[in-house]
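Contents: one structure, followed by commentary.
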Amino acid sequence: MSALWLVGLVLAVVAAALAPSGQDEDLAMPGTESQKAFDLLDQRFPQGNSQGAEARLVFQAPDGQRMTSARSRTAVAAALGSLAKGDQVASTTDPYQSGAVSKDGTIAYSTITYAVDAVDLTEHARRALADAAGRARDAGLTVEVGGSALDSEEAPGGTTELIGVGVAAVVLILALGSLVAAGLSLLTAFWGVAISFGLVSALAVPLGLTSTVAILALMLGLAVGIDYALFITSRFRDERAVGGEPEEAAGRAVGTAGSAVVFAGATVFIALVGLGVVGIPELTRMGLAGAGAVALAVLVALTLVPALFGFFGRRVLSRAVRRAMVPGNERPHPAEAGRPGLGIRWARFVLRRPVAVLLVAGLGLGAVAIPALSLELGLPGDESKSADTTERRAYDLLSDGFGPGFNGPLTVVVDMPGSANAKATADLVVDTVRRVDGVASVGAPVLSRSGDTAVLTAVPKTAPNSGETKDLVHAIRDAAPGVEARTGAGVLVTGTTALNIDISDAMSDALVPYLTVVIGLAVLLLLVVFRSILVPIKAALGFLLSVGAAFGVVVAVFQWGWAADLIGIEQTGPVMSLMPILIIGIVFGLAMDYEVFLVSRMRESHVHGASPGEAIVSGFRHSGRVVAAAAIIMISVFTGFIGMNNPTIQTMGVGLASAVAFDAFVVRMAIAPAVLALLGDRAWWLPRTLNRVLPNVDIEGEALSGRAPSPATTLPRLRHGGR
């Protein structure tokens, strides 16, 4: 088995090395007005919409001087002249001829269009752009550079990610008490991640996978890979510690913890694949790549991890267990009862005070979730980047010189096939748009060669991500029917700003339906796993609490700016519009991970005759420490990605790390046992009809032990505590 996985790893690495580099694509939202307009432009203006990357050189004159001075003109001409000779440069604009000089004369810009996309720009072309800016700086001008030509794929493997992995390694060593066992979990996780990352890289071009997709696959694959290996390794060690032979212990570990891994991985997989129903291709690709990484992590945990048990032998066990082994038969001496562990003491504390624990934990999460009520969605641009970047400084200079709306112009497309007077129709649209409140300026319309389409640019008075700009887009669209009624022409509003607004609106509309589907799925899956009505409902409500609290943290950090300096966020604004649904999909699966691993041990004790209270204590005795370690590992991995210079990844890291922390330590370890303590035997009640219909997945391993207690089919009396 190990040899097969080694072959798979080699093939994935070779495929990734030979595959061409992918490129980051603009978001698309099929069915929206802005996307329809983009598609129409591709049909009617094929040459104008097939250009490659763009760069913007933004010039600012020294204090007290103007860009219209002879010295400034000479400096700009020299800089642009050096660029015009480049092999990949398609065109450059002269700011003095194109009207790209601010009214006060202090700021000007030139647009450089390349014949290739940003990913295909050579290092020589990028260096020539930097040299042109440096040439103008040497002449005394302030020069900043923006545009898509500066876009580059974010590469994983930075310092913060390595710190996260380091923390995970330390936690594994402390939790397992064995360097070999910790190394086994890390080795298998990296093995699976390397294969999934190689596959994503190899398929980047044919499937249009971006760097963000690859990083998400890496993030999820690493986190769940370590956790799944940890759960199976921990169960194997438990079986060996009570005298099980290596082969038998490995089989029971896969049959019990492995079954839990399959169900936990299935929930993550289904939730991520379900992201495709939203209708955004990029979100669909992210979901599929993440789901693939999770599926691979499950396969590695079920096959490679047990195979390595045989390779490492007794070294997987802790030193204390190895010392207790009787020479010859490797069976441990009966362990003397010692002081209860932290998990057992906590479980008993919750059993004594379930109402107090439930109130404190529930109200605490509710308080953290309050900022989520102010959630605003948007798509970040250069304004969200650090002020240390030239893109952000170029954005600020353009805003100062040409108004805050200059960085987010709106494109108005007039579709007028068969129009008797295309120019008059276009002029009417210009006049209509100009009269809309919030429009700073409207450019002259450009007609297609066939005269059936006109394009004009409207510059808002407000910044791209502001609420006023969103209202302006809707106001222009509300004014369009009047023109359409008089002329028969179609008027569509598009552009990057309008598309971002449409995507944000679509995300807001899809949030509640997707959440409803996820919650329904959680209840159904856990109904099958635990054969209980109330346990799945409790799990779903707890998931809502943890997700709400995570959204509260995201809003507080990225919208309100709380602790933003700690993670390098200098500009607050709307939350990345893809984040809420993406976080819901991922956290749903991870929350069900902890629910399955912790509560399955409780149910295992319950079906063997333990009282409700004893079952809760047993669950924490066997799984509490492992679940806590798994959560810390996952938090460490997600936190490690916060340091990346990518707003999408930063938001994802903060949201997922906080969600896992809330779900594992507050919901699953405080609220869940408190609710189960209050419910008593009722927690495991299942109607007779459902008991006959539902499949028996045997997640407790009853078939392995040969004992199959009869499930309760009537409603028992409520008992508290069970101490």
Side-chain angles (χ1 to χ4, degrees), residues 26 32-51 54 56 90-103 109-111 113 147 398 402-462 464 468-502:
D26 293 331
T32 60
E33 178 175 322
S34 53
Q35 190 61 49
K36 291 177 182 177
F38 273 128
D39 296 340
L40 183 63
L41 288 175
D42 286 337
Q43 297 173 12
R44 308 285 175 81
F45 294 87
Q47 295 180 344
N49 285 289
S50 61
Q51 60 190 23
E54 282 189 352
R56 229 175 219 168
S91 65
T92 60
T93 62
D94 186 335
Y96 303 104
Q97 295 182 3
S98 60
V101 181
S102 62
K103 291 182 179 179
Y109 70 90
S110 172
T111 301
T113 303
L398 290 172
F402 301 93
F406 181 82
N407 287 292
L410 305 176
T411 301
V412 181
V413 181
V414 187
D415 182 19
M416 42 188 178
S419 175
N421 193 336
K423 186 178 184 307
T425 300
D427 290 341
L428 177 61
V429 174
V430 170
D431 186 59
T432 301
V433 172
R434 186 176 286 125
R435 289 200 304 268
V436 176
D437 187 33
V439 175
S441 63
V442 180
V446 177
L447 293 175
S448 63
R449 291 181 180 178
S450 59
D452 59 354
T453 311
V455 179
L456 55 99
T457 300
V459 178
K461 294 180 180 178
T462 50
E468 291 85 352
T469 301
K470 179 178 180 179
D471 294 339
L472 173 61
V473 170
H474 293 309
I476 295 176
R477 288 173 174 170
D478 290 341
V483 176
E484 295 171 350
R486 293 174 57 183
T487 64
V491 180
L492 304 172
V493 181
T494 187
T496 301
T497 299
L499 180 61
N500 291 350
I501 291 172
D502 287 345

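Sequential numbering from 1 along the given sequence is applied to the chain's residues.
Two residues are said to be in side-chain contact when any heavy atoms from C-beta on lie closer than 4.5 Å; S102 and F402 meet this criterion. Residues Q35 and D502 fail the side-chain proximity criterion, which asks for heavy atoms closer than 4.5 Å. Annotation: side chain of P445 is in contact with side chain of D427 (closest heavy-atom distance under 4.5 Å). Residues L456 and V446 have side chains not in contact (no heavy-atom distance under 4.5 Å, counting atoms from C-beta outward).
D94 contributes atom CG, which lies 8.0 Å from atom OG1 of T92 (distance to the nearest 0.5 angstrom). For the atom pair E33 CD and L492 CG, the distance stands at 5.0 Å (nearest 0.5 Å). For the atom pair OG1 (T425) and NZ (K423), the distance works out to 11.0 Å, reported to the nearest 0.5 Å. In this structure, CG in L41 is found 7.0 Å from OG1 in T494, a value given to the nearest 0.5 Å.
Side-chain atoms of Q43 and D39 form no donor-acceptor pair, as typed in the model, at a separation below 3.5 Å. Side-chain contact annotation: N500 with T496, donor-acceptor N/O pair under 3.5 Å absent. In this model, a donor atom of one side chain and an acceptor atom of the other lie less than 3.5 Å apart for T469 and T462.
Looking only at distances, no side-chain donor or acceptor of T111 sits under 3.5 Å from a matching main-chain atom of R56.
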Distance-only criterion, 3.5 Å: show the donor-acceptor pairs between side-chain atoms of residues 406-417 and protein atoms not counting sequence neighbours.
unit_1	atom_1	unit_2	atom_2	d
N407	ND2	Y395	O	3.2
N407	ND2	S399	OG	2.8
D415	OD1	R44	NH1	3.0
D415	OD1	R44	NH2	3.4

Under 3.5 Å, which donor-acceptor pairs link side chains of residues 483-491 to any protein atom two or more places apart or in another chain?
unit_1	atom_1	unit_2	atom_2	d
E484	OE2	V491	N	3.1
T487	OG1	V483	O	2.8
T487	OG1	A489	N	3.2

Throw together a table of side-chain donor-acceptor distances under 3.5 angstrom for residues 431-444, partners on residues two or more places apart or in other chains.
unit_1	atom_1	unit_2	atom_2	d
D431	OD2	R435	NH1	2.2
T432	OG1	L428	O	2.8

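R477 and V493 make their closest contact through NH2-O, 3.0 Å (heavy atoms, listed as atom of the first residue, atom of the second, distance). Contact detail for P95 and S110: the closest heavy-atom pair is CD-CB, 4.2 Å. The two residues P481 and D478 have their closest heavy-atom pair at CD-O, 3.1 Å.
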